[in-house]
2 protein chains.
Amino acid sequence: MVVDRLGTTFAALSDPTRRAMVERLSRGPASVHGLTEPFALSQQMISKHIAYLVRARIVIKTKRGRESICTLRPEAIKTVSDWALSYRRFWEESFDKLDVVVNQMKKEEVRDDRKSG
Amino acid sequence: MVVDRLGTTFAALSDPTRRAMVERLSRGPASVHGLTEPFALSQQMISKHIAYLVRARIVIKTKRGRESICTLRPEAIKTVSDWALSYRRFWEESFDKLDVVVNQMKKEEVRDDRKSG
DNA sequence: GAAATCCACTACCATATGGTTGTGGATAGG
DNA sequence: CCTATCCACAACCATATGGTAGTGGATTTC
């Protein structure tokens, strides 16, 4: 595990500010300044957060004049989706079992009704 | 942002050992000892990792005699899936755009073939 | 050319985390 | 009862991270 890419991705997404940045960038590229405005954080801190997103390959930064334009990489988000969906069978099975339990409880209710009715 | 639940979840999943634990637990509950065996880590460290998963509500721990049984919470994984899937439109649009570019490149190739052939 | 804007780099601090070692409490089995 | 097993708790260390403040380099704009 020389470089734990998925781990870096999850770590980058563990901060609410960075997830808000992802949300913003999903609606189109933005400059560092543009990403600073919505938050009550210093420009330095925003740059630091962006650096984490870049390191996790979630965001790409390109210079345009004196501005740095940030673009979201769709594959990065899809990677997270793919990871979670690989457990889809697990949670669907669990919910099915829950259904069984709920149905069992409903039967018990009916029996209770019969007893008390 | 008193408690950033999704953030805690992502943070818990940012470690490869903990993701391996999730993978193991997706195939059924296990004791702390059972979770220790596959890894070259001390029992104390495993307990610490489990504690992070418990705090993130990804895992539930119940005592059974002298053992602690760990169970994976399906909803926790589904939460991650839901988050990522909320950007599905974004990455699918991006891939569509990529298709346009690729098709454009194919056309250019055809033109090149005509020129060089 | 001078000033303002956009941004990066550095130093610094507090806290969380990955990891170790040591220890002690329960429970299970002889 | 005695011992081995399963596990939690505490102290300790190094590093990464969220955050601050200060500074300086480019690029626009006047």
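In what follows, chains are A, B, ... by sequence order, proteins preceding strands, each numbered from 1.
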Does a side-chain N or O of Tyr52(A) approach OP1 or OP2 of dA16(D) to a distance below 4.0 Å, or not?
no
Test: Arg64(B) and Glu67(B) ion pair at under 4.0 Å:
yes
Under 4.0 angstrom, heavy atoms only, what part of the nucleic acid is Glu67(A) near: base, sugar-phosphate, or nothing?
sugar-phosphate
From CG of Leu35(A) over to C1' of dA8(C), roughly how many Å is that when rounded to an integer?
16 Å
Under 3.5 Å donor-acceptor, Arg18(B) side chain and Ala12(B) backbone:
yes
For dG19(D), does OP1 or OP2 lie under 4.0 Å from any side-chain N or O of His49(A)?
yes
For Arg66(A) and for Leu41(A), locate the closest nucleotide of DNA chain D by heavy-atom distance; then report the residue assigned to the nucleotide nearer the 5' terminus.
Leu41(A)
Taking 4.0 angstrom as the limit, do Asp82(B) and Lys78(B) come out as a salt bridge?
yes
Determine whether a donor-acceptor pair (one donor, one acceptor, N or O, separation below 3.5 Å) exists between the side chain of Gln44(B) and the base of dG19(C).
no
Please report the distance, rounded to the nearest Å, between CE in Met21(B) and C1' in dG18(C).
12 Å
Are Leu41(A) and Tyr52(A) grouped together when hydrophobic residues (ILVMFWY) are joined by side-chain heavy atoms under 4.5 angstrom apart?
no
Integer-rounded Å distance: dG22(D) P and Gln43(A) CD
14 Å
Does dC9(C) have OP1 or OP2 under 4.0 Å away from a side-chain N or O of Lys48(A)?
no
Report yes if at least one side-chain N or O of Ser47(B) is closer than 4.0 Å to OP1 or OP2 of dA8(D); otherwise report no.
yes
Round to the nearest Å and state the distance from Ile50(B) atom CD1 to dT17(C) atom P.
16 Å
Taking only the side-chain nitrogens and oxygens of Ser68(B), find out if one of them lies under 4.0 Å from OP1 or OP2 of dC7(D).
no
Given DNA chain C, 5'-ward residue of the pair Ile69(A) and Gly65(B), judged by closest heavy atom:
Ile69(A)
5' priority, DNA chain D, between Arg64(A) and His33(B) [closest heavy atom]:
His33(B)
Atom pair distance, as rounded to whole Å: CG in Asp4(A) and C1' in dA16(D):
15 Å
Would you mind classifying the nucleic acid contact of Thr17(B) as base, sugar-phosphate or nothing, using non-hydrogen atoms under 4.0 angstrom?
nothing
It should be established whether Lys61(B) places a side-chain nitrogen or oxygen under 4.0 Å from OP1 or OP2 of nucleotide dA8(D).
yes
Provide, to the nearest angstrom, the distance between the CE atom belonging to Met45(B) and the P atom belonging to dG19(C).
5 Å
Between dT17(C) (C1') and Phe10(A) (CZ): distance, integer Å:
18 Å
Please state whether the phosphate of dT17(C), meaning OP1 or OP2, lies under 4.0 angstrom from any side-chain nitrogen or oxygen of Arg55(B).
yes
Who are the salt bridge (Lys or Arg N to Asp or Glu O under 4.0 Å) partners of Arg27(B), not counting sequence neighbours?
Glu23(B)
